[in-house]
Amino acid sequence: MEAEVVRTEMVLPTSLPFKRIQMSDKYPKGQSRARYWKHLKQLLQAESFSPDQPNYINIESPPSVYPSKKFCDITGFEAPYVDPRTKLRYANPEVFKRIRMLPDEYVQRYLSLRNAAVVLR
Amino acid sequence: MPSMAKPLRQSDYHRFSSATPIVIDNGGSTFRIGWAGESDPRISFRNVVQRPRHRSTGETVTIVGDHHDPALMRYFDCTRTSYRSAFDSNVVYQYEIMEYVLDYAFERLGAGGQVDHPILMTECICNPMSSRSKMAELLFETYGIPSIAFGVDAAFSYKFNQQLGICNEDGLAIYSGLSTSHAIPFLMGEPVIDACCRINVGGYHVTDYLKQLLSLKYPNHMASITWEKAEDLKMEHCYVALDYASELQLFKKGTKEAEEKTRCWQLPWIPPPQEEVPSEEELARKAALKEKQGQRLRDMAAAKKSIKISELENELRGLEDLLDQLEELDDHEVSSFLSRNGYLSTQEIDSAINRVTQSLRKAKGENDENEDRLDASPAEKYPLINVPDDMLTPEQVKEKRRQIFLKTTTEGRLRAKQKRFEEELQREKQNQLDEEKRLENPELYLEQLHTKYKELSEKVDQRKRLKTNGTRGNGNQNSSGGVGRGERLNAAQKERMRLLTTAAFDRGKGEDTFGARDEDWQLYKLMSKDGDDDDDGQEDEAELARVTSRLQDIDPVFVPKPEMSPFQGSGTTELPRLRPLSAEDYQIVLGIERFRCPEVLFQPSMVGIDQAGLDEMVGISLRRLSSVDDSVKDRICTSILLTGGSSLFPGLDARMEAGIRRLRPYLSPLKIVRASDAILDAWRGAATYATSSQFSSQTFSIQDYYEKGENALREYQIKYSL
């Protein structure tokens, strides 16, 4: 390792005196990549919750009681219209023109901002 | 996240007794570690790990936190790796990364042998059991920590502010973090976990929304809009609008106030080198050079010309000599003399002389008399044309053919000339007529001309559109579909293509009756048409050009319509090509985005999350406090604390007040306060808590872990008021 890199002390040493089990013993080389960590969703599915106790799932907020406002995907202003083809919301005819000129990729990116993009599986 | 200084390795680790707890705020964005009882954490870094490869050795190393060291980029290939976090939402799930982070943290804190200190670590409220037990396992088995305690960051923050007198025993903490926000009510200084509420929206969503919006708005500057930059912009410029709808109206109307609220980020831009205006001397020098070159060329041409003239003169002299000699000769010697010199007859020598004199005249720049002679007497010029073939020798027949060809071409040329002349005359006449009309009534004339121009240009445009098939209007489908074979043909060409293919397929099917009817042969006419035969279209275009030039002459404000481009109108999103780029093209304007992005916290539906907003969450939390009567709820509402990194937006407190007031009964008391330090309070609260003499009663020891196992952790819950 170059002296410059060593001096900055940014690289984590591979073995540390205060550890009982070193990283290399715990995750032997080549095997560590295959190790799979359960994501939060899977963790929660495996968990056993009693319904009367507060838990990670039931403390979550319900949907808002207010009707969700529709905003123009491009300008952010209030949007009374929806383009039936791209499904983008728009505020006025000028924005509509721009929407119709947008490449498909951008339409999808705008839609994915509010989680409405078409997801191909 | 403020860019943090490089964490230095602490040297005083050994001075702390093993009873002094280490306090860790394991936040989604920042990891903080320090000693109980101190006012600030010793080490803070971004809670991420990257594992780049060394460029030359290919060895993978672990780097914790975000380093902006140039050495990193120089020696390590960071392009294929990105920052990885141990968190999924606000829950730790990736314990390998967590271990790297803890390794680094203890190493920076100066740990030498064993980490022989109790640890107080923050976790999210209602942390799933598996996550907590894995954390305990890691701390006990890998590091041999004697005892640990888990607490909620929001609660520590509230308790710390309570000690400072900012909020009361009964109250409510609104903690907005990186990926989630919580509302936690407090009664008698203890958090009521049954009544807390979480939304999965936080600072991450605000930054991400800002980044996406800006990169969609400025596709040219996508590379400049990095996550870190968006984070900086968010912290510096974003604010929460008190009334989102009216703030939007402000910007929609483009008022002065909105203009003042607009911020502009100038990207680094170097103006292109200015074209220097050449000096007088330079110009003179260039002109002289040009003149010199011109002179040389002219000299060369003159020399060539004189050489040619002398050559021709020599030839002429030789021929004349030949003639002289011929005269002196006898008749019988003539033919042999001629054949010796390569001629067949005296006439041939004459014609040769004629030719040479003519080209000599031409070379000398004298006027060719041929042209004049043409008009005068075609019969003279072409003497052989009217003589019947059988009266001529074969040579003369050849000559006659040549003459006929010459005559027809010259006549054709003349006719064309005549036609041009007539057209000119016609145009002149029309212009004159127009002029007269104009003088009669200038306004009316101008109006008529304009309408005519409009009509014509529309007609021409229409024709052009038809030619390009006119389907450019919806660029959407074209761009996605790509350019196929059909796209390149216009309507007429397509029709022709269709005819050809059907004709090709019709043959051989059944009895061939093609050609039996006369109409069948019309098909070939259609097929042979290649779409280029729109004469009237050209006429229209010529007329349009005439009208345009006329209008330009008499109407000073007239500007001819630019060529129809199929992508007109998209200029708003992309830069016009020909204009030189200026500093404005390298500006990123933050207008509506300044309050549009933080609005995500109040309307999560804007980013597609179907949950209540930050203000509404308070109402939900209060509703979940079912066993408490209204007077207590009123008391709680007089002490609402805003904390966490994402609560720092200006205007958030006012907006919260407005939002909560909507939910509360009329005239009920309401007080919203900001934490003393929204970012560090959680750690400070925890550090204060860990100094308490009863802290050891709240910990979970390694003996408990080995004796009772992980299940004991399930019931484990600290008391915040000691």
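Numbered from 1 within each chain, the chains take letters A, B, ... in sequence-line order. We use all heavy atoms of the structure for the numbers below, so side chains are in, but hydrogens, waters and symmetry mates are not.
With hydrogens and angles left out, the side-chain atoms of B:Ser131 and B:Tyr95 include a donor and acceptor closer than 3.5 Å. Using a 3.5 Å distance cut-off with no hydrogens or angles, the side chains of A:Gln22 and A:Thr14 do not pair a donor with an acceptor.
Around the CZ atom of B:Arg53, the shell of radius 6.0 Å holds no more than 12 heavy atoms that belong to other residues, nucleotides or ligands.
Note: A:Pro62 leads A:Pro62, A:Pro13, A:Ser112, A:Ser48 in heavy-atom pairs under 4.5 Å with chain B. Ranked by heavy-atom pairs under 4.5 Å with chain B, the first of A:Lys97, A:Arg109, A:Lys70 is A:Arg109. Listed options B:Gln114, B:Glu107, B:Arg624 were ranked by heavy-atom pairs under 4.5 angstrom with chain A; first place goes to B:Arg624. Ranked by heavy-atom pairs under 4.5 Å with chain B, the list A:Leu16, A:Leu113, A:Ile21 is led by A:Leu113. Each of A:Asn115, A:Leu44, A:Ile59 has some count of heavy-atom pairs under 4.5 Å with chain B, and the biggest count is that of A:Ile59.
Here the side chains of B:Arg596 and B:Tyr209 are in contact, with some heavy-atom distance below 4.5 Å.
Contact of A:Glu47 with chain B is made through the side chain alone, with heavy-atom distances under 4.5 Å. Contacts of B:Tyr75 with chain A are made by side-chain atoms alone, with heavy-atom separations under 4.5 Å and no backbone atom involved. Both the backbone and the side chain of B:Ala245 come within less than 4.5 Å of a heavy atom in chain A. Using a 4.5 Å cut-off between heavy atoms, A:Thr75 touches chain B through its backbone atoms (N, CA, C, O) alone. Contacts of A:Tyr56 with chain B are made by both backbone and side-chain atoms, with heavy-atom separations under 4.5 Å. There is no contact between A:Phe49 and chain B, counting heavy-atom distances below 4.5 Å. Heavy-atom distances place no part of B:Asp615 under 4.5 Å from chain A, backbone and side chain included. Residue contact with chain A, scored on non-hydrogen atoms closer than 4.5 Å, involves the side chain of B:Asn200 exclusively.
Contact check on A:Lys41 versus B:Asp88 returns no salt bridge, with no Lys/Arg side-chain nitrogen under 4.0 Å from an Asp/Glu carboxylate oxygen. Taking the charged nitrogens against the carboxylate oxygens, A:Glu9 and B:Arg9 have no contact shorter than 4.0 Å, which rules out a salt bridge. Using a 4.0 Å cut-off between a side-chain N of Lys or Arg and a carboxylate O of Asp or Glu, B:Lys252 and A:Glu78 do not qualify as a salt bridge.
In this structure, B:Arg662 satisfies the cation-pi test against A:Tyr66, with its NZ or CZ atom closer than 6.0 Å to the six-membered ring centre and inside 45 degrees of the ring normal.
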